[in-house]
Amino acid sequence: VDDVAACEALVAAVVADFGGVDILVNNAGIASRGQSVADTDPAELDRVVRTHALAPHYLSKFALPSMRARAMRLRASPRCSTRDTTSWPT
């Protein structure tokens, strides 16, 4: 998940296979090799930051359209929750 195109393809595959995204749990993480700052390869640090910080952003960005569309259908269903969702961000 440290690649933007891979994040987009992952969400697209989920939408194609399951019809949409209901919930997204961003729980990916990797460990660095435990080197000191002076000995850490910049490419390793870049990969850790992409996985821990950027991947959740991109996955959320690509999943939000599906999640919003599904939430709109839920709001329109009279058998759905009685909770007022009109103030939810769109």
Side-chain angles (χ1 to χ4, degrees):
V1 294
D2 66 346
D3 173 15
V4 177
C7 290
E8 187 172 21
L10 174 65
V11 172
V14 169
V15 171
D17 289 350
F18 298 102
V21 178
D22 291 319
I23 186 170
L24 174 65
V25 177
N26 284 306
N27 195 33
I30 58 173
S32 66
R33 291 178 177 77
Q35 301 289 335
S36 69
V37 171
D39 296 330
T40 298
D41 182 344
E44 179 182 350
L45 178 61
D46 184 58
R47 183 170 169 252
V48 170
V49 170
R50 283 193 325 265
T51 300
H52 288 246
L54 298 179
H57 170 80
Y58 291 125
L59 288 167
S60 297
K61 172 188 171 85
F62 297 128
L64 273 173
S66 172
M67 294 173 76
R68 287 178 174 157
R70 291 171 76 87
M72 291 301 290
R73 287 193 296 271
L74 287 175
R75 282 190 231 173
S77 173
R79 294 181 294 150
C80 230
S81 169
T82 58
R83 186 173 178 190
D84 178 16
T85 60
T86 55
S87 64
W88 289 7
T90 56

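Remember, it's a predicted structure, so these values are computed and weren't measured experimentally. Quick note: numbers below take in every heavy atom, side chains included, and nothing from hydrogens, waters or symmetry partners. Starting from 1, each residue takes its place in the sequence as its number.
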Next item on the list: Could you tell me which residues satisfy side-chain hydrogen bond (donor to acceptor under 3.5 Å, both in side chains) with N26, sequence neighbours excluded, listed by chain and number?
Entry: S60
Check: In the hydrophobic clustering that connects Ile, Leu, Val, Met, Phe, Trp and Tyr at side-chain heavy-atom distances below 4.5 Å, which members other than L45 occupy its cluster, ordered by chain and number?
Finding: V49
Note to self: Using 0.5 Å steps for rounding, measure from the CG atom of L59 to the CG atom of N27.
What the structure shows: 12.0 Å
Notebook entry, point to check: Hey, quick one: are F62 and V25 part of the same hydrophobic cluster, counting side-chain heavy atoms closer than 4.5 Å, chains of contacts allowed?
Noted result: no
Check: Under the 4.5 Å side-chain heavy-atom rule for ILVMFWY, direct or indirect, which residues accompany I30?
Finding: V48
Item checked: All side-chain hydrogen bond (donor to acceptor under 3.5 Å, both in side chains) counterparts of D39, not counting sequence neighbours -> S36
Donor-acceptor pairs are to be reported for all side-chain atoms of residues 2-16 against protein atoms at under 3.5 Å, with residues two or more places apart or in another chain.
from	atom 1	to	atom 2	distance (Å)
D2	OD2	R50	NH2	2.9
D3	OD1	A5	N	3.2

Next item on the list: Identify whether V1 and Y58 are in the same connected component of the hydrophobic contact network (ILVMFWY, side-chain heavy atoms under 4.5 Å).
Entry: yes
Next item on the list: Identify the heavy atoms of M67 and I23 that sit nearest to each other, and give their distance.
Entry: CE-CA, 3.9 Å
